[in-house]
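Predicted, not measured: the structure shown is a model, and the values here were computed from it. Whatever order the structure lists them in is the order used to number ligands and atoms, beginning at 1.
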Amino acid sequence: MVVSNKKVFGLHGKKLMDSLKRHFDCSVYLMPDGERFKTMKSAEGILSSCAANGLDRHSAIVAFGGGVVGDVAGFAAAVYMRGIKVVQVPTTLLAQVDSSVGGKTGVDLKEGKNLVGAFHHPVLVVADTQMLQTLDEREFDNGMAEVIKHGVVLDREYFDYIIDNTGKIKARENSVLEHLVLGSVRIKASVVVRDEKETKGRRALLNYGHTAGHAIEAAGGYRLLKHGEAIAAGMAIAANAAKSLGICGDTAVSSQINALKSFNLIKPLKNLEKGLIIKRIFSDKKAKDGKIRFVLTKDIGCAILIESIDITVLKRELDRFLNVPV
Ligand SMILES: NC(=O)c1ccc[n+]([C@@H]2O[C@H](COP(=O)([O-])OP(=O)(O)OC[C@H]3O[C@@H](n4cnc5c(N)ncnc54)[C@H](O)[C@@H]3O)[C@@H](O)[C@H]2O)c1
Ligand SMILES: [Zn+2]
């Protein structure tokens, strides 16, 4: 059963179905579009449709869409008959470079994002970069935040490729997009393989920019900023914090920030309230005993996880960013 939404299915459904129907019996379930539908209710809709269409333990769900569809459909696959196969066919840049790989699935509750879920790896991920041609610019740039993050955290060569090919990336040249998606998937997979359930610290490196970023995203009510824009702010704050702690030099900071700026990811945040952001940082599900684990970069391609960051440094950099975004 293919799970998608009207927008994605309308744009690219025929291509997928023409190919699937040659080999499989398939049905289609369309869920509503948008993060606000990443809910138990949507998961239940998918599950009922699985049952109505007679899916059994040998069936598979094909998640065809961005991260929202991927997360909900993946979650439904994780729990339908205690788990059936899921194939991820991600159609946004964010989903191709990040959410379709690594096995995290889930839904939001009104109490918070991603509070319910399961680890459920796809048996296959099919990323067709031509689907990215129809993404609007802000959605495309949103995915670039994670692409840049991968380079900053783990792979200098990959980061340099982004800088050297910024124009071609913006023009969405297919060969360049293929290189980016493949590179990001390799980087993410290499981390996930060594720390699947985020217990050893390695996978936590992928949370670079996300501690402050998630708090900023929440403080904006999930409407003001896209995820990528919020974590871009988080990366800029983390980079400046690393500099003020003497962990990294000026160039490492400016090259990250310039890369983010070139994809319009640094947005003014003047109207956000610092107190609220700090409170959110402490209530992050990854904060332990009032200590904030934090990812910092020593240099491009070399991130480290520290068990506790000096909160005054974090507050100062947040303050600075809120007043004048770099
Ligand atoms: N599971 C993970 O590891 C993981 C990692 C990162 C993010 N996520 C989750 O991913 C979600 C965000 O995903 P997203 O940024 O892809 O958002 P999204 O799924 O909401 O997609 C963004 C918009 O683009 C549209 N769209 C999708 N493909 C398109 C295409 N090819 N052409 C035109 N429009 C298209 C969608 O219909 C939607 O309106 C969040 O819920 C986040 O929590 C999960
Ligand atoms: Zn992210």
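Seen from the ring of F263, K170 counts as a face-on cation partner, given the 6.0 Å and 45° thresholds.
Atom CZ of R186 is surrounded by 12 or fewer heavy atoms from other residues, nucleotides or ligands within 6.0 Å.
The hydrophobic cluster containing I231 also contains I148, counting ILVMFWY residues as joined when their side-chain heavy atoms lie under 4.5 angstrom apart, directly or transitively.
Electrostatic pairing of R320 and E317 counts as a salt bridge here, judged by a charged N lying under 4.0 Å from a carboxylate O.
Geometry at the Zn ion (ligand 2): NE2/H210 and NE2/H227 form an angle of 100°, nearest 10 degrees.
Minimum-distance N/O/S atom of E146 relative to the Zn ion (ligand 2): OE2.
In this model, no donor atom of one side chain and acceptor atom of the other lie less than 3.5 Å apart for H227 and E35. Donor-acceptor pairing under 3.5 Å is recorded for the side chains of S49 and N53. A side-chain donor from one of K38 and N114 sits under 3.5 Å from a side-chain acceptor of the other.
Protein residues lining ligand 1, listed by chain and number: N5, K7, V8, L11, H12, D33, E35, K38, G66, G67, V68, D71, T91, T92, L94, D98, S99, K104, K113, N114, M131, T134, L135, E139, N142, K188 [non-hydrogen atoms, distance under 4.0 Å].
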